[in-house]
Undergrad: 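A single structure is presented below for examination.
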Amino acid sequence: MHQPPTTLPVDGSELRKRRMAAGLEIDDLATAAGISRSYLSHLETGSRTQMRPARYKRLFDALSAAERAQKNPYREADKE
């Protein structure tokens with residue numbers, strides 16, 4: 001039986017580029033993903049290179065949502 005991986009690799013420099021392109025501060029993304037600022041910082045600097053799947057999903061879901069919002073600046077106006 002195939003077991004899912006216990007950790008997933010993270011490219012810290014790519015993560016940082018995507019966060020910055022989405023216009024997010026490190027604190028904002030960490031909060032949105034439910035992880036600590038220091039944990040996210042360790043990922044971005046390469047001190048940590050692996051994540052557990054649940055945290056990985058939360059981080060990249062939050063980042064993807066921010067990227068979509070960046071591409072659609074009128075999103076807030078649509079709600080009015």
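This chain uses plain numbering: 1 for the first residue, then up along the sequence. These figures come from a predicted structure and were not determined experimentally.
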Undergrad: By the salt bridge (charged side-chain N to carboxylate O under 4.0 Å, His left out) test, which pairs, at least two apart or in different chains, include something from residues 52-64?
TA: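 The answer is Lys57-Asp61.
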Undergrad: Restricting to side-chain contact (heavy atoms from CB on, under 4.5 Å), what partner residues turn up for Thr49, sequence neighbours left out?
TA: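 Thr49 satisfies side-chain contact (heavy atoms from CB on, under 4.5 Å) with no other residue.
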Undergrad: Kindly indicate, with the supporting measurements, whether the criterion side-chain contact (heavy atoms from CB on, under 4.5 Å) is fulfilled by Val10 and Leu59.
TA: CA-CA 11 Å; Val10 177; Leu59 176 60; 5.5 Å; no
Undergrad: Not counting sequence neighbours, which residues clear ring-ring contact (aromatic ring centres under 6.0 Å, His included) with Tyr39? List them please.
TA: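 Expected list: none.
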Undergrad: Applying side-chain hydrogen bond (donor to acceptor under 3.5 Å, both in side chains), can you list everything that pairs with Ser64, at least two apart in sequence or on another chain?
TA: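 Expected list: none.
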Undergrad: Roughly how far, to the nearest 0.5 Å, is OG of Ser13 from CG of Leu43?
TA: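 Those atoms lie 12.0 Å apart.
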Undergrad: Please set out all donor-acceptor pairs under 3.5 angstrom arising from side-chain atoms of residues 22-33, sequence neighbours excluded.
TA:
from, atom 1, to, atom 2, distance (Å)
Asp27, OD1, Arg37, NE, 3.0
Thr31, OG1, Asp27, O, 2.9

Undergrad: Quick one: pull up OG1 in Thr6 and CE in Met51 and give me the separation to the nearest 0.5 Å.
TA: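 Separation between the atoms: 13.5 Å.
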Undergrad: side-chain contact (heavy atoms from CB on, under 4.5 Å) with Thr7: which residues, sequence neighbours excluded?
TA: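 Per chain and number, Thr7 pairs via side-chain contact (heavy atoms from CB on, under 4.5 Å) with Gln50.
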